[in-house]
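Chain A is the first sequence line, chain B the second, and so forth, proteins listed ahead of strands; every chain is numbered from 1.
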Protein chains: 2
Amino acid sequence: MVTIYDIAKKANVSAMTVSRVINKSEKISEETRKKVEAVIKELNYIPNNSARNLITKKTKILSLMITDIANPFFTSVARGAEDKAMQMGYQLLLCNSDEDFEKESKYMDMLISTGSDGVLIAPANDHSKKNMKKLTKHGIPFVLIDRSIPNLECDQVLSDNETTTRRLIEHLIKQGHQKIAIINGPLVVSTARERHQAYLDTLKIHGISVEDHLMKESHFRDSDVTNSIQELLNLPEDERPTAIFATNNFIGMNTMKTLHKHNIKVPEEMAVVSYDGIPNYTEEEPVLTVAEQPAYNFGYIGIQLLIERIEGTAPEKVRKIVLPAEIHLRASSLYQP
Amino acid sequence: MVTIYDIAKKANVSAMTVSRVINKSEKISEETRKKVEAVIKELNYIPNNSARNLITKKTKILSLMITDIANPFFTSVARGAEDKAMQMGYQLLLCNSDEDFEKESKYMDMLISTGSDGVLIAPANDHSKKNMKKLTKHGIPFVLIDRSIPNLECDQVLSDNETTTRRLIEHLIKQGHQKIAIINGPLVVSTARERHQAYLDTLKIHGISVEDHLMKESHFRDSDVTNSIQELLNLPEDERPTAIFATNNFIGMNTMKTLHKHNIKVPEEMAVVSYDGIPNYTEEEPVLTVAEQPAYNFGYIGIQLLIERIEGTAPEKVRKIVLPAEIHLRASSLYQP
DNA sequence: CTGTTAGCGCATTCAG
DNA sequence: CTGAATGCGCTAACAG
């Protein structure tokens, strides 16, 4: 392995001078800088970060913890995060918690051990607070994205779940729907809770009674919603919903698939609206009405806040950034006379 | 920061003993082990990997370099790689070269600097050989996936491009097609070259003349193929192809979209076959005939080979694993009388 | 089974 | 502008 000493010897300078050249110190004469750089190139020298980190306590590595790498929403988040991180001279370590607190904890120890300068995280659920506390104890800044955690003051980039949900539900109401079902993720996740609450509030505002049997709790991962749908379809005619609100892309997509299997016509027999965009890999126009969140920006802005926190350019006060979603009205919820 | 010395002092042992406990050395009395572990837990001690790496030259970090994080093919590769890496106690650093040799080189220096134990890489193109040589010079093992590099002896996990392409083209020939176009990626990438060659060979075997104007070179990223398609459609009636072979998922998908825009009926006016699966996010049955590669296994097996190489359990001789693709015949290439 | 000594490669002091 | 000494946190090699 080539070290600064090898460079120093060959360039007839001290190791310290080489170190200064590497770190782009200003206080180096043009002449010696060029001489050293030539030797560095000649010997293919690449600095050893482990040695560096040991002293500086900095790694120039940021970590991104997401809950599902198979979800296009998080793929976009990752792209945004990666773009900003690279632009700012940081590397990105990608971790996938699979919506699992235990797996998240395990990764967290690894991150601390390896030395991340900061962590951008979509927490698995409310229990993740424990992991956040651990980061704080180790002096590692973090920024929450997509999901908040109760009673945890920190920088975060979130979606405006209240407004977006209300707009989706009111759209359904305007289309004449009174019995609107919700298929949600686990309520131990903040986004599920907020969308649940906004669903309830909107119904109440419009004088629509809330029915327990229209509220289903499923998962945010790409798992089947057959049971939930089946239960909704099994309801007596006068209780059966005429519309379904799916709280993420996989639930929405699987709802459409399942309804199709049951030969239920959308939107005539059942209207569907969903959270999150779904990439269109076909030549057909998309059908599903969705509230598309700015996933890329979750990553991009999240990393920006994180770096500002790390480099001390952020204000003392924590920042909570709330981004709007964009609603695309499509056939799945538009009444066709 | 808590160090082994803090633990040692509080547990009334030497730092070395603490180190042994952390590293699960056998030669420790049950009693002292328990005592030390208790203090570690009490003080929330997590070892500093930078210090460790400096001595051991091991980081327990593997890197995965892919060329396009937005491509579902590589997302699957990443999942497979992540699963295996985690299972074996390694972390995965994900890098995205964007099909760009320069970006790949930049990441490569970072990887070497941070200290990856090994690299699993889908090289951007043949020029990447230079980057591979650099890894070798720094003693970092690597495994190629998806794409090989001419005259580079190393472990690799590839797809059987020759057989798969032949089967796709022969399927088209059986359907009665004689004028078959190919829209390919850049020929500086091995997979593009191999598919190109197999396309030529298959046509020749079946006595079909090869026409230059039916061979288009595009990109593997999600960019438009409008020009290529336009040129094909502009050909005089008797030279115009009746089928298109797309050499990856994005090309296939964009070919379908573009044909749709031109109101060209598939497969009646133009049959289409494509490489790579495309996730189906709709309730409709997929239409496109594809050769689906075992992407997950590229990652999974690739990491396996890599770890065997790192830990010295691999045979001296390099291994070349060739995985078959699975052909799904669908409407886009099936003649409907 | 446990402890001592030394040093991994580099940047932070502090001197010149 | 340059250099010498020191130690970051940990483990390899040896000694007891």
Side-chain angles (χ1 to χ4, degrees), chain A residues 1-37 39-40 43-61 109-117 138-140, chain B residues 1-37 39-40 43-61 109-117 138-140:
Chain A
M1 171 176 260
V2 186
T3 74
I4 45 171
Y5 289 104
D6 301 318
I7 308 295
K9 191 183 284 179
K10 193 144 193 173
N12 271 322
V13 293
S14 75
M16 204 44 236
T17 302
V18 179
S19 174
R20 286 195 180 95
V21 171
I22 295 166
N23 293 292
K24 307 199 190 307
S25 163
E26 294 298 308
K27 307 180 172 181
I28 286 278
S29 77
E30 188 63 18
E31 192 186 5
T32 55
R33 196 177 56 74
K34 276 194 174 150
K35 189 171 59 182
V36 172
E37 276 173 350
V39 180
I40 286 177
L43 267 53
N44 278 303
Y45 167 75
I46 295 180
N48 178 326
N49 266 341
S50 291
R52 223 174 204 172
N53 303 341
L54 199 52
I55 302 173
T56 61
K57 313 291 179 203
K58 297 258 163 271
T59 60
K60 284 281 177 181
I61 292 181
D109 281 2
M110 281 193 179
L111 296 187
I112 295 169
S113 192
T114 306
S116 267
D117 286 353
H138 285 270
I140 299 176
Chain B
M1 170 174 260
V2 185
T3 73
I4 44 171
Y5 288 105
D6 301 318
I7 308 295
K9 190 183 284 179
K10 193 144 191 174
N12 272 321
V13 294
S14 75
M16 204 46 230
T17 302
V18 178
S19 174
R20 287 194 180 97
V21 170
I22 296 166
N23 292 292
K24 306 198 190 308
S25 162
E26 296 297 309
K27 307 180 172 180
I28 286 278
S29 79
E30 188 63 16
E31 193 187 5
T32 57
R33 196 177 56 73
K34 276 193 174 152
K35 189 171 59 180
V36 171
E37 276 173 350
V39 179
I40 286 177
L43 266 52
N44 277 303
Y45 167 73
I46 295 180
N48 178 327
N49 266 341
S50 292
R52 224 173 204 172
N53 303 341
L54 198 51
I55 303 174
T56 61
K57 312 291 180 203
K58 297 257 162 271
T59 60
K60 284 281 176 180
I61 293 181
D109 281 1
M110 282 194 178
L111 296 188
I112 294 168
S113 191
T114 305
S116 268
D117 286 354
H138 285 270
I140 299 176

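Contact between the side-chain N/O atoms of A:Ser19 and the OP1/OP2 oxygens of C:dA11 is found at a separation under 4.0 Å. Checking the phosphate oxygens (OP1, OP2) of D:dG9, a side-chain nitrogen or oxygen of A:Lys57 falls inside 4.0 Å. Remark: B:Ser29 is not in phosphate contact with C:dC1, judged by side-chain N or O atoms under 4.0 Å from OP1 or OP2. The side chain of B:Ser50 places no N or O atom within less than 4.0 Å of a non-bridging phosphate oxygen (OP1 or OP2) of D:dC8. Within the 4.0 Å cut-off from OP1 or OP2 of C:dA11, not a single side-chain nitrogen or oxygen of A:Tyr5 is found. Remark: B:Tyr45 is not in phosphate contact with D:dG9, judged by side-chain N or O atoms under 4.0 Å from OP1 or OP2. An OP1 or OP2 oxygen of D:dG3 is reached within less than 4.0 angstrom by a side-chain nitrogen or oxygen of A:Ser14.
One interatomic measurement links the two molecules: CE of B:Met16 to C1' of D:dG16, which rounds to 15 Å at whole-angstrom precision. Whole-Å rounding puts the A:Met1 CE to C:dG7 P distance at 18 Å. Remark: C1' of D:dT6 and CG of A:Leu54 are 13 Å apart, rounded to the nearest angstrom. Across the protein-nucleic acid pair, A:Asn49 atom CG and C:dC10 atom P stand 10 Å apart, rounded to whole Å. Counting to the nearest Å, the P atom of D:dA13 and the CG atom of B:Asn23 are 14 Å from each other. In this entry the distance linking NZ of B:Lys34 with C1' of C:dC1 reads 17 Å, nearest Å. Rounding to whole angstrom units, CZ of residue A:Arg52 and P of D:dC8 are separated by 20 Å. Separating the NZ atom of A:Lys24 from the P atom of C:dC10 is a distance of 15 Å, rounded to the nearest angstrom.
A side-chain donor-acceptor contact under 3.5 Å links A:Ser113 and B:Asn49.
Residues B:Ser50 and A:Asn53 approach most closely at OG-CB, 3.2 Å, considering heavy atoms. Of all heavy-atom pairs spanning A:Ile46 and B:Asp109, the tightest one is CD1-OD1, 3.6 Å.
Rounding to the nearest 0.5 Å places CD1 of B:Ile112 at 12.0 Å from CG of A:Asn48.
B:Asn53 comes within 4.0 angstrom of nothing in the nucleic acid, heavy atoms only.
Nearer to the 5' terminus of DNA chain D, by closest-nucleotide assignment, is the contact made by A:Thr32 (compared with the other of A:Thr32 and B:Ile4). Checking B:Glu26 against B:Ile55, the closest nucleotide of DNA chain C that is more toward the 5' end is the one next to B:Glu26.
With respect to B:Glu37 and B:Arg33, a salt bridge is recorded, a charged nitrogen being found less than 4.0 Å from a carboxylate O.
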